[in-house]
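Okay, so here's the structure we're looking at.
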Amino acid sequence: MTLAHSKVTAQGQISVPAEIRKKLGIGPGSVLEWEEHSGQVFVRKAGRYNSEEVHAALFGDAKAPAKKTSDVKAGIKQYMRKRHARG
């Protein structure tokens, strides 16, 4: 089901329709994430992760034993470098 449409400008920019901005709670300065899975593109407001998703991204196994603070910080650093690597 299509919620709204946007047109791409010559500079590659789009406007986010008002009803979508309201649903996502976004405004000027908000960051959106674009993900591609199996030929489909998903857009969401950045930073919308629960603690289980963060744990899985950092450590993989949801049943892993508790980690020390230094391990968590190292895991976050590694994940961010991988996620934002240029290449």
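Start at 1 with the first residue, then count along the sequence.
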Rounded to the nearest 0.5 angstrom, the CG-CZ distance for L32 and R44 is 11.0 Å
- Between K45 (side chain) and S30 (backbone), is there a donor-acceptor pair under 3.5 Å? no
### ILVMFWY cluster, I26 and V41 together (side-chain gap under 4.5 Å)
yes
Considering residues at least two apart in sequence or located in another chain, which fulfil the side chain to side chain contact (heavy atoms under 4.5 Å, CB included) criterion with [X]?
X   : value
I20 : L3, A4, V16, P17, L24
K82 : none
Q13 : T9, Q11

For H37, the side-chain hydrogen bond (donor to acceptor under 3.5 Å, both in side chains) test, sequence neighbours excluded, returns E35
